[in-house]
S.K.: 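Just dropping this structure here.
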There are 2 protein chains.
Amino acid sequence: MNQVEEILKKNHLSVTGSRQKIMQLFLNSNGALAHADIEKKTGESFDRVTVYRTLQSFVEKGIIHLIPTRDNSIKYALCKDDCEAGHHHDNHVHFICDECSKTICLDDVTVPQVKLPKGFTPQHAEMVVNGICGECK
Amino acid sequence: MNQVEEILKKNHLSVTGSRQKIMQLFLNSNGALAHADIEKKTGESFDRVTVYRTLQSFVEKGIIHLIPTRDNSIKYALCKDDCEAGHHHDNHVHFICDECSKTICLDDVTVPQVKLPKGFTPQHAEMVVNGICGECK
DNA sequence: GTAAATTTGCAACAATGATGCGAAAATTTA
DNA sequence: TAAATTTTCGCATCATTGTTGCAAATTTAC
């Protein structure tokens, strides 16, 4: 049983062609993927709806997470820690390169706490940093 | 000359019905607005395209700014400081209430700096906090 | 008040995402 | 391992969101 199958089974998902291929894509890519990226890379293999539903199932199981971006395009990313241990990932910072527009999970950088005005109760914080990544410098 | 006209003229925008009405909406609301909110509140007054273009022109002039949200819906907000002084607003934190889903600019809370891994050069950082706002508590 | 510049509304289009449903595939069961 | 059951897939269809071109209307500048 390969890594992809393992991940799917562990998360109680049927092992199907689309899920295997898309999961493999995430494992191969070192950044986040947008729906469009996935559709491009899988070619004509799967229906557009299948890709949506596959991503949805991954999100529901907590295998991948969404990354909010400034231009409001949805990006999905697999966190290394997640797939290996299955535990819930902490709140890490995301980095988006303005040059190559690669989106990277900075798993080691946690979102700092901020002091909110009186009355506000925080529950979850997201932080996205834009700039130039190591490869584009 | 009223406040709305003043803002528009200062930003070299023609004073038109849609711009006046939409700008007024922003001045009246104490939170951020989504395109859909605006369309709802302006009723049948304007074409959908006009609303888009009006918002675009405001963004271009720096009168309003975009707020990235976790569910990837675009929200626009007017910062008090901006409209009065015209200077560029600093990087403040945004708060989205999970209860009433109001989106608020925390003008006094600046986005903290984070230490990035080697090679990454930050240029801009966004931070969005979800939770419960003062009114919903 | 008129000419020039800008903005509007309409039509049309593109991209993104959701849903219902029968067919196909995967999993369970015996 | 074959049948029964469950899940997923693909197609058609639809909704929402956002963009563009262009002629008509409005605003601004002179």
Side-chain angles (χ1 to χ4, degrees), chain A residues 1-2 4-25 32-61 63-76 101 103, chain B residues 1-2 4-25 32-61 63-76 101 103:
Chain A
M1 188 153 72
N2 61 39
V4 168
E5 269 188 61
E6 239 172 81
I7 295 171
L8 294 176
K9 292 224 163 140
K10 191 170 62 192
N11 287 284
H12 310 290
L13 288 171
S14 302
V15 178
T16 67
S18 63
R19 286 185 184 151
Q20 289 184 91
K21 192 150 187 180
I22 291 175
M23 178 55 68
Q24 192 62 61
L25 271 184
L33 297 172
H35 175 97
D37 297 330
I38 294 166
E39 233 179 278
K40 214 177 300 163
K41 288 187 187 172
T42 54
E44 306 290 301
S45 320
F46 311 110
D47 192 78
R48 210 160 51 85
V49 178
T50 300
V51 176
Y52 278 111
R53 288 200 269 230
T54 302
L55 291 172
Q56 262 174 31
S57 68
F58 287 176
V59 170
E60 271 162 31
K61 297 296 182 185
I63 309 175
I64 61 177
H65 62 275
L66 296 173
I67 303 171
T69 62
R70 265 208 289 172
D71 67 332
N72 272 75
S73 62
I74 301 183
K75 297 235 181 179
Y76 303 88
S101 76
T103 302
Chain B
M1 186 152 73
N2 61 39
V4 169
E5 270 187 60
E6 238 172 83
I7 295 171
L8 294 177
K9 293 224 164 142
K10 192 169 65 194
N11 287 283
H12 310 289
L13 289 170
S14 303
V15 178
T16 67
S18 63
R19 287 187 185 151
Q20 289 182 89
K21 192 149 187 180
I22 292 176
M23 178 54 67
Q24 192 63 60
L25 273 182
L33 297 172
H35 176 96
D37 298 328
I38 294 166
E39 231 178 280
K40 215 178 297 161
K41 288 186 188 172
T42 54
E44 305 289 303
S45 320
F46 312 107
D47 192 80
R48 210 160 50 84
V49 178
T50 300
V51 176
Y52 278 111
R53 287 200 268 229
T54 301
L55 291 171
Q56 261 175 31
S57 67
F58 288 175
V59 171
E60 271 164 30
K61 297 296 180 182
I63 309 175
I64 61 177
H65 62 275
L66 296 172
I67 303 171
T69 63
R70 263 207 291 171
D71 66 333
N72 272 74
S73 61
I74 300 183
K75 297 233 181 182
Y76 302 87
S101 74
T103 302

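Per chain, numbering begins at 1; letters A, B, ... match sequence-line order. These numbers were taken from a predicted model, which means no experiment stands behind them.
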S.K.: What is the distance, to the nearest angstrom, from the NZ atom on B:Lys9 to the P atom on C:dT6?
M.R.: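 Rounded to the whole Å, the gap is 16 Å.
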
S.K.: Which whole-number value in Å describes the distance from A:Leu55 CG to D:dC9 P?
M.R.: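 To the nearest whole Å, that distance equals 11 Å.
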
S.K.: Between A:Tyr52 (OH) and D:dG10 (C1'), how many Å, whole number?
M.R.: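 These atoms are roughly 15 Å apart.
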
S.K.: What's the closest nucleotide to the B:Thr54 side chain, out of C:dT27, D:dT17, C:dT8?
M.R.: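 My answer, after comparing the listed nucleotides, is C:dT8.
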
S.K.: Distance check needed: C:dT27 P versus A:Asn11 CG, whole Å only.
M.R.: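 After rounding, the gap between these two atoms is 14 Å.
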
S.K.: Base, sugar-phosphate, or nothing: which does A:Arg53 touch, judged by heavy atoms less than 4.0 Å apart?
M.R.: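 Base, at least one base heavy atom under 4.0 Å.
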
S.K.: Side chain of B:Asp47 only, heavy atoms from C-beta on: which candidate in D:dT28, C:dG9, C:dA26 is closest?
M.R.: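 Of the candidates, C:dG9 comes closest.
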
S.K.: Between A:Lys21 (NZ) and D:dC9 (C1'), how many Å, whole number?
M.R.: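 From A:Lys21 NZ to D:dC9 C1': 16 Å.
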
S.K.: In whole angstroms, how far is the C1' atom of C:dT7 from the CG atom of B:Leu8?
M.R.: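 Distance check: B:Leu8 CG to C:dT7 C1' gives 13 Å.
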
S.K.: For the pair B:Asp47 (side chain) and B:Val49 (backbone), establish whether a donor and an acceptor sit closer than 3.5 Å, ignoring hydrogens and angles.
M.R.: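 The answer is yes, because a donor-acceptor pair under 3.5 Å joins these two groups.
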
S.K.: Is any side-chain N or O of B:Gln56 closer than 4.0 Å to OP1 or OP2 of D:dG18?
M.R.: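 For D:dG18, neither OP1 nor OP2 has a side-chain N or O of B:Gln56 closer than 4.0 Å.
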
S.K.: Select base, sugar-phosphate, or nothing to describe what B:Ser18 touches, counting heavy atoms under 4.0 Å on all strands.
M.R.: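 Result for B:Ser18 = sugar-phosphate.
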
S.K.: Within the pair A:Thr16 and C:dA26, is there a side-chain N or O less than 4.0 Å away from OP1 or OP2?
M.R.: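 No, outside the criterion.
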
S.K.: For a quick check of understanding: with a heavy-atom distance under 4.0 Å over all strands, which category does A:Glu39 fall into, base, sugar-phosphate or nothing?
M.R.: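 The residue A:Glu39 makes no contact with any strand.
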
S.K.: Please pick, from C:dT19, C:dT27, D:dT19, the nucleotide with the shortest atom-to-atom distance to any side-chain atom of B:Val49.
M.R.: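 Comparing C:dT19, C:dT27, D:dT19 against the side chain of B:Val49, the answer is D:dT19.
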
S.K.: A:Phe58 and A:Arg19: which non-hydrogen atoms are nearest, and at how many Å?
M.R.: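 Answer, listing the atom of A:Phe58 first, then A:Arg19: CZ-O, 3.8 Å.
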
S.K.: Starting from C1' on D:dT28, measure out to CZ on B:Arg19 and report it in whole angstrom.
M.R.: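 The distance from CZ of B:Arg19 to C1' of D:dT28 comes to 12 Å, rounded to the nearest Å.
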
S.K.: Which heavy atom in A:Asn11 sits nearest to a heavy atom in A:Ile7, and how many Å separate them?
M.R.: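 Scanning both residues, the minimum pair turns out to be ND2-O, 2.8 Å.
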
S.K.: Map B:Gly17 and A:Phe46 onto DNA chain D by nearest heavy atom, then report which one ends up closer to the 5' terminus.
M.R.: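 Taking each residue's closest nucleotide, the earlier one in sequence belongs to A:Phe46.
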
S.K.: Indicate the atoms forming the closest heavy-atom contact of A:Gln24 with A:Val4, along with that distance.
M.R.: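 Shortest heavy-atom contact: OE1-CG2, 3.1 Å.
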
S.K.: Test for a donor-acceptor pair under 3.5 Å between the base of D:dG10 and the side chain of A:Arg48, counting only N and O atoms.
M.R.: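 No.
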
S.K.: Report the distance from atom CZ of A:Phe58 to atom P of D:dT7, rounded to the nearest whole Å.
M.R.: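 So the two atoms are 17 Å apart, to the nearest Å.
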
S.K.: Name the pairing partner of D:dG10, where a pair is Watson-Crick or G-U wobble with both distances under 3.5 Å, or state none.
M.R.: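 By the stated definition (distances under 3.5 Å), C:dC21 pairs with D:dG10.
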
S.K.: Any idea which of C:dT8, C:dT7, D:dG18 is nearest the B:Leu13 side chain?
M.R.: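 Comparing C:dT8, C:dT7, D:dG18 against the side chain of B:Leu13, the answer is C:dT7.
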
S.K.: In terms of the nearest nucleotide of DNA chain D, which residue is placed more toward the 5' end: A:Ser14 or B:His35?
M.R.: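 The residue mapped nearer the 5' terminus is A:Ser14.
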
S.K.: Going by heavy atoms in the side chains, are A:Ile67 and A:Tyr76 under 4.5 Å from each other?
M.R.: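 No - every pair of side-chain heavy atoms lies 4.5 Å or more apart.
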
S.K.: Do B:Leu13 and B:Ile63 have side chains that approach each other closer than 4.5 Å (heavy atoms only, starting at C-beta)?
M.R.: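 Contact flag for B:Leu13/B:Ile63 side chains = yes.
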
